[in-house]
Amino acid sequence: MKANLAAREPEMLRMWEETRLYQQIQKSREGRELFVLHDGPPFANGDVHMGTALNKILKDFVVKSQTMLGKSAPYVPGWDCHGLPIEYKVVKESRALSPLEVRKKSEAFARKFINIQREQFKRLGVFGDWRNPYLTMDPKYEAEILRAFAVFVEEGLVYQSKKPVFWSTGAQTALAEAEVEYQERDDTAVYVKFPITSGELAGKASIAIWTTTPWTLPANLAIAVDPKETYVLQKFQRDGDSEMLLLAEKLVPQFCANTKFEPVGQPKESFPGSKIDHVVAQHPFLGRDSTVFTADFVTMDSGTGCVHIAPGHGEDDYLLGKEEGLPILSPVDDHGRFTDEAGLPNLTGKYVFDANVDIINLLRERGMLLGEQKFHHSYPYCWRSKTPIIFRNVEQFFIRIDELRGKALHAIKTVTWIPSWGENRIAGTVESRPDWVISRQRSWGVPLPVFYSKDGKAILGAKIIRKLADLVAQRGSNIWFELNDVDLASALGLPEGTTHRNDTIDVWIDSGVSHKAVCSLHPELRDPADMYLEATDQHRGWFQSSLMTSVALNNRAPYKTCVTHGFVVDIDGKKISKSGMYDKPTDVGHFVGRYGADLVRLWASSIDYTDDVPFSGEMFNRLGDTYRRIRNTLRILLGNLFDYEMEGAAPSAPRRDSARPSSSATLIDRWIQERLDQVIADCRSAYEAFEFHKVYHTLNQFCAVDLSSLYIDITKDRMYCDAPNSPRRRGTQAAMHKIFDALSRFSRSPPRKPGGIQA
């Protein structure tokens, strides 16, 4: 009964590799219908954890089942090698490195974990072209990234602008939306008064605003109100003090509950927000005005209906500021510390989140603080440094999403989404997505191919970028950092005095153009691919970056089917990832070493991957029972076939045509063969729909109930007591041979068809 998987599996894997089994399979499928599952590249920055293992095993299920369905299904694995996850670890270990040193250490780090992860994936029994994977740091791949970028430039999609972006103070770089994760946290929200200084209310009332980020108040330049909502001028009283305040009528009860102010009598006035457009108020602690403007993004679900506007620290704020001709003030440096521009000398150099307390105290001292409250909310964090993100006004390069949005939404409708809700999810993210921030203030990546003239103007030229791509294909992207301005300009035929900088391209473009760099260039693959299969977070990530780049390059989606699986979570629903703080073992090697890869694969097949995937050590113990039940059923069937021979063949030879129903089959034999035909049909249907958990449950039920509890038990006497050659015993052996042959195939991959199983 002891399979000893952990010890015996490596022997099988070694034999399969030595005999080049994957290559044999591909050769045997030459000329067949092609099915391409394109591998989304994992980051080469750590051991394979259970989430990545689930992803790779599901892909292996797809590839092998499509192969067994008679198709040619090559699998070319790949790795995402550039970017912040790797660079952050390198820089953390070695300080004060030059950009070129960072790049060399990052490449060594990536290659180390590519080799580690490759062996871990192979240990899971995943078949693929492991000798020739694609790497985003390969010079030829890097050249394709640049050639794609040249097309983006040619199409007028790339532009330079200074506007607020997600900024990681921990990693000192701009971030794309897909590089942001959200965490629950408590902050101090404040109600602040802005004394009105213009019109008939000047000196008589104040506008009440509410903000969860007091540190942004030094950058306040305006207040936004909803033009159609009703606002009131209301007297409030608290502890003997009274205030005449202007705020939205709907939010008066919430304001009173949070500040302990009580309204006195009826409102003095009531009017739509449009009436106070361009009213001027005084900044609560700086010597500048704050003008009221109407805006359609003001909501009535929290606050006061009067929104504090800092154009340098928010997307809506920025757009309103540009529309009204406001300066884009952002008095914060790369590390998230106040600069002199904030106008608060005692806070210069202080980290903005630490300065919240100082700002609140300043408001209190000036008599401008109406109230404060603890506010629980979801806040954006940098995916790698795990530090809170700020919106910061910096000059960056962007891709115009509005130019691609309509085409991308149309392309989404041409794709099959599994599960179906994936279509609405990615469509929603595309509809709401702002322009794509593509420049990074990091060293480990493909260089942003922008040059600068003598007077500092950006030079974006498709022909120049293609020349650079040819150079990178020959010598690698390190040349950007190795050559000085003169030598690089000379190599590319640029005017004297042309300079270049060290910014790199967003890594989501690296992996996003893999349909061009891999699928369209590998002779055994094709673009578009038949399937992309990744976790649910890739609707914001790789699914979307691939879609956008493919629409820009080919005016279509890069995939025909998109399969989404859930996150691996513990029994309490907590997400498990290698970058998290989960305190139990999550590396797949721990479980393979203890239980064997077959148990890990059985776990992956047992769950409905379209939802979050539960995982725990206890589950493996329960799965062990299922595994032993299936294995023991096969052992019993095999034992009962020890003297089963086929006509005209050596006694030990297996016989395929013995799967035909025997003329001496009894009623119970005919029943089990009918049940087997149904099981085969159900499993085949499940494989075709990529519903692997249905195969698991069908197989488990068949072995536990139909075979173990009924058929094997009922036929036990005839197998042991009837004469060896008795028709009844031989008829049962014929049925068992058919069952054993089918089970040993569709328990790993599906048969071609009932009664006609093909290897």
Side-chain angles (χ1 to χ4, degrees), residues 189-211 214 216-238 240-256 258-259 261-300 302-311 316-317 320-321 323-327 329 343 359-360 362-372:
V190 292
Y191 289 88
V192 183
K193 66 178 183 178
F194 282 62
I196 298 173
T197 59
S198 73
E200 59 187 36
L201 295 177
K204 299 177 182 177
S206 298
I207 298 171
I209 68 96
W210 176 82
T211 179
T216 61
L217 285 169
N220 172 275
L221 295 174
I223 297 168
V225 296
D226 188 314
K228 297 178 182 178
E229 284 290 341
T230 301
Y231 288 79
V232 294
L233 190 65
Q234 173 74 54
K235 186 177 181 180
F236 294 90
Q237 197 164 25
R238 179 183 66 189
D241 295 326
S242 63
E243 295 280 356
M244 185 67 73
L245 301 174
L246 189 157
L247 68 163
E249 183 180 43
K250 286 180 181 176
L251 291 165
V252 169
Q254 190 181 109
F255 170 78
C256 293
N258 291 333
T259 63
F261 273 105
E262 293 294 335
V264 179
Q266 295 300 310
K268 304 295 181 184
E269 275 189 70
S270 177
F271 42 78
S274 57
K275 185 180 177 181
I276 55 173
D277 190 27
H278 284 80
V279 163
V280 179
Q282 170 65 44
H283 190 285
F285 52 78
L286 293 172
R288 80 164 75 104
D289 292 335
S290 188
T291 306
V292 176
F293 299 108
T294 56
D296 58 7
F297 57 78
V298 178
T299 62
M300 296 292 143
S302 59
T304 65
C306 303
V307 179
H308 139 63
I309 298 297
D316 290 331
D317 305 49
L320 180 62
E323 185 180 323
E324 300 295 342
L326 299 174
L329 176 62
I359 299 293
I360 294 170
L362 180 59
L363 290 167
R364 188 179 289 109
E365 290 167 10
R366 298 292 180 93
M368 298 295 171
L369 183 67
L370 296 171
E372 58 183 301

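The chain is numbered in sequence order, starting from 1.
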- Item | CA sep, side-chain torsions, deciding dist, call: Leu369, Ile360, side chain to side chain contact (heavy atoms under 4.5 Å, CB included) | CA-CA 7 Å; Leu369 183 67; Ile360 294 170; 4.0 Å; yes

- Message: Checking Leu363 against Leu217 for the side chain to side chain contact (heavy atoms under 4.5 Å, CB included) test, could you report, in this order, the C-alpha distance in whole Å, the side-chain angles of both residues, the deciding distance, and whether it holds?
- Response: CA-CA 10 Å; Leu363 290 167; Leu217 285 169; 3.8 Å; yes

- Take Phe285 and Val192 through the side chain to side chain contact (heavy atoms under 4.5 Å, CB included) test and state the conclusion after the steps. CA-CA 11 Å; Phe285 52 78; Val192 183; over 6 Å; no

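Gln254 places a side-chain N or O within 3.5 Å of a backbone atom of Gly303 that can act as its donor or acceptor partner. A distance-only check finds no donor-acceptor pair linking the side chain of Tyr231 to the backbone of Cys306 [under 3.5 Å]. Side-chain atoms of Arg238 do not come within 3.5 Å of backbone N or O of Glu243 as any donor-acceptor pair. With hydrogens and angles disregarded, a donor-acceptor distance shorter than 3.5 Å links the side chain of Gln234 to the backbone of Gly265.
When the options Met244, Gln266, Glu262 are evaluated for a side chain to side chain contact (heavy atoms under 4.5 Å, CB included) with Lys235, the one that passes is Met244.
Screening residues 201-211 for side-chain hydrogen bond (donor to acceptor under 3.5 Å, both in side chains) gives Trp210-Gln373, Thr211-Thr213 as the qualifying pairs, with residues at least two apart or on separate chains. Among pairs with a residue in residues 280-299, those fulfilling side-chain hydrogen bond (donor to acceptor under 3.5 Å, both in side chains) read Asn220-Ser290, Thr299-Asp301, at least two apart in sequence or across chains. The list of salt bridge (Lys or Arg N to Asp or Glu O under 4.0 Å) pairs with a residue in residues 217-231, not counting sequence neighbours, reads Glu229-Lys250.
Closest non-hydrogen pair, Met368 versus Pro195, comes out as CE-CG, 3.8 Å. Thr259 and Gly371 get closest at one heavy-atom pair: CG2-CA, 4.1 Å. For the pair Ile207 and Ala281, the tightest heavy-atom approach, listed with the atom from each and the gap, is CD1-CB, 4.3 Å. Looking at every heavy atom in both residues, Leu326 comes nearest to Pro311 through CD1-CG, 4.2 Å. Considering every non-hydrogen atom in both Val232 and Pro267, the closest pair reads CB-CB, 4.0 Å. Taking each heavy atom of Leu251 and Met300 in turn, the nearest pair found is CD2-O, 3.4 Å.
To the nearest 0.5 angstrom, Gln237 atom CD is 9.5 Å from Phe261 atom CZ. Between the OH atom in Tyr191 and the CD1 atom in Ile209 there is a gap of 10.0 Å [rounded to 0.5 Å]. Atoms CG and CZ, on Asp317 and Phe297 in that order, are 6.0 Å from each other to the nearest 0.5 Å. Distance CD1/Ile196 to CD1/Ile276: 7.0 Å, rounded to 0.5 Å. Distance CG/Leu286 to CG/Leu221: 10.0 Å, rounded to 0.5 Å. With rounding to the nearest 0.5 angstrom, the CG atom of Leu233 is 12.5 Å from the CD atom of Glu249.
Here the side chains of Val298 and Val225 are not in contact, with every heavy-atom distance at 4.5 Å or above. When side chains are defined from C-beta on, Asp277 counts as touching Phe293, because their heavy atoms get closer than 4.5 Å. Looking only at side-chain heavy atoms (C-beta outward), Glu269 and Leu201 come within less than 4.5 Å of each other.
Between Phe255 and Phe236, a ring centre-to-centre spacing shorter than 6.0 Å is recorded.
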